[in-house]
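Just so it is clear: chains get the letters A, B, ... in the order the sequence lines come, proteins before strands, and each one is counted from 1.
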Protein chains: 4
Amino acid sequence: MILTAARAFQQRGYHNTSLDDLAGLLGVTKPTLYHYVRNKEEILFECFRTGLDQIRTGLREADASDAPARERLAIVVRQYAAAIASDFGWCMVRAEDQDLSIEMSSAIKALKSEIDQGLRRLIRAGSADGSIAAAQDPKLAAFALAGALNWMGHWYRPDAALTADQVADGFLELFGLGPTPKAHRARYNGASKRLSQ
Amino acid sequence: MILTAARAFQQRGYHNTSLDDLAGLLGVTKPTLYHYVRNKEEILFECFRTGLDQIRTGLREADASDAPARERLAIVVRQYAAAIASDFGWCMVRAEDQDLSIEMSSAIKALKSEIDQGLRRLIRAGSADGSIAAAQDPKLAAFALAGALNWMGHWYRPDAALTADQVADGFLELFGLGPTPKAHRARYNGASKRLSQ
Amino acid sequence: MILTAARAFQQRGYHNTSLDDLAGLLGVTKPTLYHYVRNKEEILFECFRTGLDQIRTGLREADASDAPARERLAIVVRQYAAAIASDFGWCMVRAEDQDLSIEMSSAIKALKSEIDQGLRRLIRAGSADGSIAAAQDPKLAAFALAGALNWMGHWYRPDAALTADQVADGFLELFGLGPTPKAHRARYNGASKRLSQ
Amino acid sequence: MILTAARAFQQRGYHNTSLDDLAGLLGVTKPTLYHYVRNKEEILFECFRTGLDQIRTGLREADASDAPARERLAIVVRQYAAAIASDFGWCMVRAEDQDLSIEMSSAIKALKSEIDQGLRRLIRAGSADGSIAAAQDPKLAAFALAGALNWMGHWYRPDAALTADQVADGFLELFGLGPTPKAHRARYNGASKRLSQ
DNA sequence: TATGAATGAGTATTCATTCAT
DNA sequence: GATGAATGAATACTCATTCAT
């Protein structure tokens with residue numbers, strides 16, 4: 001059901017998808033929906049959480065690993081890209097605070113923050129263990145990375161040339177969060193130094 | 001009026017802002033709104049266009065300049081960040097196709113594409129003239145850059161620590177779209193110094 | 001419900017009867033109406049069809065009979081008069097193309113045409129079998145007959161001196177669609193005498 | 001102006017023609033309309049009266065003539081048909097009581113009654129002077145005649161095969177209000193033959 | 001004479017939600 | 001567990017009409 005809902009929200013938008021539409025797509029009647037959820041917003045929340053769990057899985061995987069931070073970050077970013085590319089992508093990116101009750105809104109905010117903090121932590125760890133070209137401002141880097149990934153929701157089509165993994169790797173490269181091969185470390189050293197001031 | 005509307009949309013969301021709300025905020029009655037716009041969606045479109053024009057101004061400025069592509073890109077990105085940070089930021093980022101009629105939706109798509117193409121062009125030009133560390137995939141780079149900038153709409157607050165310009169410059173650095181260290185450092189030193197302040 | 005709607009339309013006019021009025025008359029709330037109809041125009045259409053079905057019943061009855069065309073025509077005309085005199089009369093006569101969507105408008109046009117063709121057919125048959133004083137132009141005769149009948153909707157009141165049947169017979173006489181003088185005068189004398197009283 | 005209004009009402013219907021539409025068609029602004037009329041309904045009333053005057057002219061002409069009633073009736077009926085076929089036809093037939101204020105509604109009713117009475121008077125006179133095949137019920141005959149004529153507003157197109165005059169004559173024939181058989185058959189034979197082709 | 005701006009009162013329609021069955 | 005029926009509250013949009021200029 002959440003899958004169907006997520007797809008509908010993605011195509012029509014949350015506000016343009018009525019519970020009638022949803023019930024129709026699911027082949028049940030409207031009141032039946034209320035046996036499974038309390039609210040329309042609960043559906044949105046479930047979509048959000050489902051998509052998010054994929055990223056959290058990545059985070060836990062990364063935390064469990066003792067690979068260098070660079071690789072651990074890559075794990076998360078790939079899961080992130082996959083989540084955004086999935087049917088739940090839309091809900092995660094566009095679920096707006098204003099459409100939700102205060103409780104749910106803050107629940108979502110907490111979950112979003114969890115990811116944000118996870119990304120920052122990994123970036124910092126990468127700077128520390130030298131596996132990532134030292135990021136001057138981990139917070140800004142995390143925002144940029146998340147932004148680029150979230151924006152996939154607007155342009156990425158699963159049937160396109162690139163897989164979600166390729167996009168993820170491309171972003172890591174672009175952000176200077178890719179591997180610090182010998183060749184590039186020196187080359188960009190100056191730039192990153194300047195930035196960190 | 002569009003400014004008031006843009007602010008309202010930003011705070012409450014498009015669907016949660018009724019024309020009654022809007023009229024109330026403007027201190028006029030609802031039918032008065034219809035003297036100036038045909039539709040609710042036209043208001044959204046105007047907001048979108050207003051914000052977008054700021055970026056297009058940047059694009060034209062960049063096109064008119066004969067500075068190296070790196071600097072021309074910086075001009076655009078700063079205008080972009082400023083636009084997103086403005087009251088029209090929300091509308092530009094979140095105006096959804098599904099909320100608009102087909103004509104308006106495609107008009108918006110065209111305008112968005114114009115910017116996307118502009119960014120790609122500058123990135124390619126920067127690779128060509130050597131002022132930018134060669135991007136492997138200009139298309140992906142443009143998406144990432146736009147994504148990071150658009151995402152500002154979700155986290156940036158004007159009263160925060162960073163100015164929109166600082167965010168813009170930070171992103172350029174992060175994306176490896178900043179100056180190529182050795183070759184251009186000397187040449188563009190002045191510019192980058194200004195930037196880093 | 002259609003009956004109530006038909007009465008309201010008759011008294012106040014279609015455009016002067018709001019769905020609020022209708023809901024009030026039915027003792028339900030407005031959204032309840034939308035459980036049973038899709039549109040306001042669908043209500044008008046249902047009224048139209050209900051009234052029309054009475055005439056079509058007459059047409060089928062006439063087609064099934066092997067009486068002379070004169071009598072078959074009388075069957076239809078009486079049903080027609082009864083329909084116009086009924087609560088649905090107004091809707092049938094005044095439902096305007098301009099108030100309806102293209103699909104419904106053409107659906108109504110088709111139904112109207114069905115009746116028109118039926119009348120012409122019977123008039124022609126009457127000319128052929130000699131039971132009707134030969135009409136010079138069956139098409140014009142059908143228009144005149146329908147016009148006279150439809151106009152009842154403007155002046156006929158059920159509580160008036162004449163029954164709908166009497167009006168129908170009077171019209172048939174007047175239009176020269178009554179019995180052919182010599183052949184039928186004797187036979188149908190009683191009926192026409194009754195009328196003239 | 002009334003001509004333009006009448007045409008607009010005919011095409012779109014009274015309720016579907018806004019004063020904005022009307023002003024647009026006339027190339028003036030809305031408030032300008034209010035320099036010439038007090039009300040929207042006054043426009044409708046003017047249309048009604050303009051069309052009606054054509055019929056009243058016929059009535060006066062008929063009253064002034066000392067021809068046999070049969071011929072005097074023909075004068076009126078032809079003017080009637082011409083009026084219905086004109087741009088003002090729609091307004092005359094369909095202007096509904098419910099759309100008008102009480103005063104105007106009763107003014108219109110009076111004018112309509114004037115015509116109705118005129119028709120009855122002529123029919124009675126024709127029965128009296130023997131120029132018309134005696135109608136059993138002049139009132140019903142007048143209603144039928146008026147109904148047939150009014151209904152022209154629904155099917156008559158000026159560019160069609162028949163002129164309004166031909167329709168008028170055809171109706172007179174059909175209604176037995178044509179020439180009394182013996183006296184006039186020879187004289188009007190030509191006309192009716194033409195019709196039957 | 002003409003109008004740009006404004007509006008009060010409505011109008012059809014939608015939707016999330018409930019409840020008796 | 002499932003549903004048909006019902007609804008309160010809104011929502012975008014319209015229109016005849018007015019009035020200061």
Side-chain angles (χ1 to χ4, degrees), chain A residues 5 12 14-24 26-44 99-101, chain B residues 1 12 14-24 26-44 99-101, chain C residues 1 12 14-24 26-44 99-101, chain D residues 5 12 14-24 26-44 99-101:
Chain A
R12 320 174 187 205
Y14 177 66
H15 286 282
N16 299 320
T17 305
S18 74
L19 290 188
D20 267 310
D21 293 337
L22 229 48
L26 290 165
V28 298
T29 61
K30 225 183 334 176
T32 304
L33 291 179
Y34 282 87
H35 275 273
Y36 298 100
V37 280
R38 219 191 316 275
N39 267 342
K40 191 188 180 188
E41 70 169 353
E42 199 174 293
I43 302 178
L44 182 57
D99 299 334
L100 301 164
S101 64
Chain B
M1 167 177 152
R12 320 176 185 204
Y14 178 66
H15 285 283
N16 299 319
T17 305
S18 75
L19 291 185
D20 268 311
D21 293 338
L22 227 50
L26 289 164
V28 298
T29 61
K30 223 185 331 178
T32 303
L33 293 180
Y34 282 89
H35 249 270
Y36 300 98
V37 277
R38 222 191 311 278
N39 266 343
K40 190 187 179 188
E41 71 167 355
E42 199 173 293
I43 302 178
L44 182 56
D99 299 333
L100 301 165
S101 65
Chain C
M1 166 177 151
R12 320 177 185 201
Y14 178 66
H15 284 284
N16 299 319
T17 305
S18 74
L19 291 186
D20 267 311
D21 293 338
L22 227 50
L26 289 164
V28 297
T29 60
K30 228 185 326 177
T32 303
L33 293 179
Y34 282 89
H35 250 270
Y36 299 99
V37 278
R38 221 191 310 278
N39 267 342
K40 191 187 179 186
E41 72 167 354
E42 199 173 293
I43 301 178
L44 182 57
D99 299 333
L100 301 164
S101 63
Chain D
R12 320 174 186 205
Y14 178 65
H15 285 283
N16 299 319
T17 305
S18 73
L19 291 187
D20 267 309
D21 294 338
L22 229 49
L26 290 164
V28 299
T29 61
K30 226 182 335 173
T32 303
L33 291 179
Y34 282 88
H35 276 272
Y36 298 101
V37 280
R38 219 191 315 278
N39 267 344
K40 191 189 179 186
E41 71 167 354
E42 200 173 291
I43 302 178
L44 182 57
D99 298 334
L100 301 164
S101 63

Query raised in the report: Reckon B:Asp20 touches a base, only the sugar-phosphate, or nothing at all at heavy-atom distances under 4.0 Å?
Result: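 Here B:Asp20 touches no strand at all.
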Query - Sugar-phosphate, base or nothing in reach of B:Ser18, heavy atoms under 4.0 Å - result: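 It contacts sugar-phosphate atoms only.
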Nearest whole Å is fine: how far is [N] [atom2] from [X] [atom1]?
X: D:Leu44; N: F:dA16; atom1: CG; atom2: P; value: 12 Å
X: B:Tyr36; N: F:dA12; atom1: OH; atom2: C1'; value: 20 Å
X: D:Leu33; N: F:dC15; atom1: CG; atom2: P; value: 14 Å
X: B:Leu100; N: F:dA12; atom1: CG; atom2: C1'; value: 15 Å
X: D:Lys30; N: F:dA16; atom1: NZ; atom2: C1'; value: 7 Å

Is any side-chain heavy atom of [X] less than 4.5 Å from a side-chain heavy atom of [Y]?
X: C:Asn16; Y: D:His15; answer: yes
X: D:Lys30; Y: D:Asp20; answer: yes
X: B:Val37; Y: B:Met1; answer: yes

Query raised in the report: Rounded to the nearest 0.5 Å, how far apart are OG of A:Ser101 and CD of A:Glu42?
Result: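 Answer for the OG-CD pair, A:Ser101 versus A:Glu42, is 9.5 Å.
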Query raised in the report: In Å, rounded to the nearest 0.5 Å, how long is the span from CG of A:Leu19 to CG of A:Asn39?
Result: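 One finds 9.5 Å between CG of A:Leu19 and CG of A:Asn39.
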Report task. Counting Watson-Crick and G-U wobble pairs only, both distances under 3.5 Å, name the nucleotide matched with F:dT11, or none. Result ->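 When the pairing criteria are applied, E:dA12 turns out to be the nucleotide that pairs with F:dT11.
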Report task. Could you check which nucleotide pairs with F:dA6 in any of the strands shown, counting Watson-Crick or G-U wobble with both distances under 3.5 Å? Result ->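 Paired with E:dT17.
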Requested in this report: Could you list where the contact with chain B starts and ends along DNA chain E, reading 5' to 3', using a 4.0 Å heavy-atom cut-off?
Outcome: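 Counting from the 5' end, contacts occupy E:dA5 to E:dG10.
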Query raised in the report: Out of F:dT3, F:dA16, F:dC13, which nucleotide sits closest to the side chain of A:Thr29?
Result: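 From the listed options, F:dT3 comes nearest.
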Query raised in the report: Considering heavy-atom distances to DNA chain F, does B:His15 or D:Arg38 have its closest nucleotide positioned more toward the 5' end?
Result: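 Its nucleotide being nearer the 5' end, the pick is B:His15.
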Query raised in the report: Looking at B:Leu33 and B:Val28, what are the two nearest heavy atoms and their distance?
Result: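 That closest heavy-atom pairing would be CD2-CG2, 4.3 Å.
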Query raised in the report: Can you tell me if the side-chain N/O atoms of C:Tyr34 get under 4.0 Å from OP1 or OP2 in F:dG8?
Result: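 No, no such contact exists.
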Report task. Using a cut-off of strictly less than 4.0 Å, decide whether B:Asn39 has a side-chain nitrogen or oxygen near OP1 or OP2 of F:dC13. Result ->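 Yes, B:Asn39 has a side-chain N/O under 4.0 Å of OP1/OP2 on F:dC13.
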Requested in this report: Nearest-nucleotide wise, let me know which of D:Val28 and A:Thr17 is further upstream toward the 5' end of DNA chain E.
Outcome: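 Per heavy-atom nearest nucleotide, the more 5' residue is D:Val28.
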Report task. Report yes or no: does A:Asp21 contribute a side-chain atom to a donor-acceptor pair with the main-chain N or O of A:Thr17 at less than 3.5 Å? Result ->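 No, because the side chain of A:Asp21 does not come within donor-acceptor range (under 3.5 Å) of the backbone of A:Thr17.
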